[in-house]
Every structure is written in structure tokens, then in C-alpha cells.
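Each ligand, and each atom within it, is numbered from 1 in the order the structure gives. Any value given below was found using the heavy atoms of this structure, including those in side chains, with hydrogens, waters and symmetry copies removed.
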Amino acid sequence: MRLILLGAPGVGKGTQAKKLQDQFGIPQISTGDILRAAVRDKTELGMAAKAYMDRGALVPDDVIIGIIRERISQPDCEKGFILDGFPRTIPQAEALDAMLAEMKLNLDVVLEIYVDPEKIVQRLTNRRVCSECGAVFNLLTNPPPADGKCPNCGGVIIQRDDDKEETVRNRLAVYNKQTAPLKEFYSKKGILKTIDGDDTVEEVYRKILDTLGLEKEK
Ligand code: AP5
């Protein structure tokens, strides 16, 4: 399965990609997670990306395309991959097409998750994440433990710098301008499917499996 999860910030791409990865053993490739790890480790990539990320802007296409080229040629991607947060611009989508053509591979589905923008603002300003393993919580729907430590790894639970309301609104504007045109790009190829993401995590997962023609783990 080679799948793109498309959708505005906060629609639940990361949450659902992790569930698919756990059930089907296909890697989630999140460009956001890769960039945040680079920022945390203060690598050259991280230093270059941080200023863009902090203001909710996109990191330049050539940087991101290089990351994906390297990542999808790893052996764990032979069975497929779930792209979460990539592509985000038409040049990124065209570069992905070229990479896959070189590897003689196709994309199976581009799955768009849609949630009303004001609900997204509420979700993201209440999101909390583990600074070590990236586990995702939400103060309203899935609160982290009261001691502020991640139950999976003991890491400190924090708010992402780009989850402040003003930055969230900028990220939504950037999505509408630079990423939303991908819907038409993939619709023309006949591989775009859209689901309503304003439902519980389990219900959204069920809709995704139905759309992909897959069954939930018993
Ligand atoms: P990235 O990390 O990709 O951020 P994003 O696309 O803005 O997506 P999010 O991680 O914010 O949201 P999500 O859809 O994964 O939602 P989640 O599951 O966490 O990118 C960050 C930055 O990196 C970008 O701004 C850019 O600078 C840079 N970047 C990354 N990729 C790039 C690229 N390709 N090109 C250029 N730059 C790039 O859920 C959100 C919250 O809602 C959580 O609290 C969760 O618990 C909760 N939630 C999830 N599902 C539900 C539900 N069904 N009901 C209620 N609550 C829910």
C-alpha cells in the first residue's frame, strides 16, 4: 500500500497514520516529525528549517524532496509507505511522481481528511505532544497524565511551538494557498478520496479502512 494522507494541519493525519502503521506494519513517513527531530538534534537541516516552522511557513521544496527521496528508498518502504505531510505543494507532488516513476512504482490512494477550520483551531491549540517519542495527546479528548510525563517513554509532554493560535491560523492559510491545489492534481489522476474527519478517532479510522477496502484488526 502506497498512500498519501492529505489534509489541513490538525485533521488527524498523524493520529490515523500511526494506527495504520501499527495494524499493517507499513511505515508512516511524516516530514513534520523528521524536521522536528532535526530541530531537536540541532542538525544543519534542523537549523535551516526551524525559522520556517516556527512561523507556520513551508520549508523549501528542494530540502523536503531530498528528505523523501532518501527515506522512500530505505528497505522498510519496500512493502509500501504512508506519507503524512508530504507532498504539500505542486512541485513536491511532481517530484514524487518522478521518483516513483524511476522506481517503477505507483501511488494507490490519496486520502483527504476534511475537518472544519474552527474545529481544527480548537484541536491544535489543545494538542500536547511528547518531546521524546512524539506521542500525541489532547487536553479535551485525550488528556496527558497529570504528572506531565509520557506514559510510553517517560519524556516531557509539551505544546508544539507552532500550535499557538496565531501560528495555527497562519498554517491554515498556507494550507489553503499552497497545499489545497493538490486536491485537483490528484483528482485528475482519479486517485483522490475524501472522508469527513469530524468524528471520533476510532470512527475516522473505520471510515479510512472502509475507503481502502481493508478490515479492522479483531
Ligand atoms: P506537520 O508536522 O506535518 O504539521 P501539520 O500538517 O500542520 O499537521 P499536524 O501534525 O499539525 O496535524 P495532524 O493532521 O497530523 O493532526 P494530529 O493527528 O496530530 O508540519 C509542521 C511544519 O513542518 C509545517 O508547518 C512546515 O513548516 C514543515 N513541513 C512539514 N512537512 C513539510 C513539507 N512537505 N513541505 C514543507 N514544509 C513542511 O491531531 C491533531 C490534534 O487533534 C491532536 O491533539 C489529536 O489528539 C487530536 N485529534 C486527532 N484526531 C481526532 C479526532 N478524530 N477527534 C478529536 N480530536 C482528534
Checklist entry - Any salt bridge between R206 and E202, counting N to O under 4.0 Å? => result no

Checklist entry - Is the shortest N/O to N/O distance between R160 and ligand 1 below 3.5 Å? => result yes

Next on the checklist: Geometry only, no angles: is G56 polar-contacting ligand 1 at N/O separations under 3.5 Å?
Outcome noted: no

Next on the checklist: Check contact between G10 and ligand 1, using heavy atoms of the residue and a distance below 4.0 angstrom.
Outcome noted: yes

Item to check | Proximal atoms of ligand 1 relative to R171 (non-hydrogen, under 4.0 Å) | outcome: 4 (O), 5 (P), 7 (O), 9 (P), 11 (O)

Item to check | Shortest protein heavy-atom distance from atom 25 (O) of ligand 1, along with the residue and atom involved | outcome: A57 O, 4.0 Å

Checklist entry - What do you reckon, does P87 have a nitrogen or oxygen under 3.5 Å from a nitrogen or oxygen of ligand 1? => result no

Next on the checklist: Is there a side-chain contact between L209 and L20 in this structure, where contact means two heavy atoms from C-beta onward sitting under 4.5 Å apart?
Outcome noted: yes

Checklist outcome for this item: The answer for which part of I64 has a heavy atom under 4.0 Å from ligand 1 is side chain

Checklist entry - Judging by distance only, is a nitrogen or oxygen of G85 under 3.5 angstrom from one on ligand 1? => result yes

Checklist outcome for this item: atom 31 (N) of ligand 1 sits nearest the protein heavy atom T31 OG1, 2.7 Å

Checklist entry - Given that the side chain starts at C-beta and the backbone is N, CA, C, O, which of these parts of R36 lies under 4.0 Å from ligand 1, counting heavy atoms, or is it both or neither? => result side chain

Next on the checklist: For atom 3 (O) of ligand 1, which of the options M53, K13, R88 provides the nearest non-hydrogen atom?
Outcome noted: R88

Checklist entry - Hey, does the side chain of E94 reach the backbone of T89 with a donor-acceptor pair shorter than 3.5 angstrom? => result no

Checklist entry - How long is the gap from CD on E118 to CG on L172, to the nearest 0.5 Å? => result 8.5 Å

Checklist entry - Are any of the N or O atoms of V136 closer than 3.5 Å to those of ligand 1? => result no

Next on the checklist: Strictly below 4.0 Å, N to O, side chains only: are K207 and E203 in salt-bridge contact?
Outcome noted: no

Next on the checklist: Using a plain distance cutoff, I'd like to know if N126 has any nitrogen or oxygen under 3.5 Å from a nitrogen or oxygen of ligand 1.
Outcome noted: no

Next on the checklist: I need the contact type for Q92 against ligand 1. Using non-hydrogen atoms and a strict under-4.0 Å cut-off, is it side chain, backbone, both or neither?
Outcome noted: side chain

Checklist entry - Is it true that a side-chain atom of R2 and a backbone atom of N106 form a donor plus acceptor pair closer than 3.5 Å? => result yes

Checklist outcome for this item: Looking only at non-hydrogen atoms, the one of N142, D163, L35 nearest atom 29 (N) of ligand 1 is L35

Checklist entry - Quick check: does any side chain N or O of D54 sit under 3.5 Å from a backbone N or O of D161, one acting as donor and the other as acceptor? => result no

Checklist entry - Just which atoms of ligand 1 are under 4.0 Å from any heavy atom in V201? => result 50 (N), 51 (C), 52 (C), 53 (N)

Checklist entry - Does any N/O atom on D199 come nearer than 3.5 Å to any N/O atom on ligand 1? => result yes

Next on the checklist: Donor-acceptor pair, distance only, cut-off 3.5 Å: does the side chain of T179 make one with the backbone of R88?
Outcome noted: yes

Next on the checklist: Side chain, backbone, both or neither: which applies to T141 and ligand 1 if a contact is any heavy-atom pair less than 4.0 Å apart?
Outcome noted: side chain

Checklist entry - ligand 1 versus T200, non-hydrogen atoms closer than 4.0 Å: side chain, backbone, both, neither? => result backbone

Checklist entry - Do side-chain atoms of K193 reach the backbone of V109 as a donor and acceptor pair under 3.5 angstrom? => result no

Checklist entry - Salt bridge between D22 and K18, side-chain N to carboxylate O under 4.0 Å? => result no

Checklist entry - In ligand 1, which numbered atoms sit nearer than 4.0 Å to a non-hydrogen atom of V11? => result 14 (O)

Checklist entry - Do V11 and L124 share a hydrophobic cluster (ILVMFWY, side-chain heavy atoms under 4.5 Å, transitive)? => result yes

Checklist entry - Would one find an N or O of L58, backbone or side chain, under 3.5 Å from an N or O of ligand 1? => result no

Checklist entry - K13 side chain to A8 main-chain N or O, any donor-acceptor pair under 3.5 Å? => result yes

Checklist entry - Side chain or backbone of R128 under 4.0 Å from ligand 1, or both, or neither, by non-hydrogen atoms? => result neither

Checklist entry - Salt-bridged, D162 to R160, with N to O below 4.0 Å? => result yes

Next on the checklist: Regarding Q23 and Y205, do their side chains bring together a donor and an acceptor under 3.5 Å, going by distance alone?
Outcome noted: yes

Checklist entry - Just going by heavy-atom distances, which of Q122, Q178, R123 is nearest to atom 52 (C) of ligand 1? => result R123

Checklist entry - Can you list the ligand 1 atoms lying under 4.0 Å from a non-hydrogen atom of G14? => result 13 (P), 15 (O), 18 (O)

Item to check | More than 12 heavy atoms of other groups within 6.0 Å of F24 CZ | outcome: yes

Next on the checklist: Checking the N or O distance criterion of under 3.5 Å, is ligand 1 in contact with D84?
Outcome noted: no

Next on the checklist: Can you check which of F137, F86, Y52 brings a heavy atom nearest to atom 44 (O) of ligand 1?
Outcome noted: F137

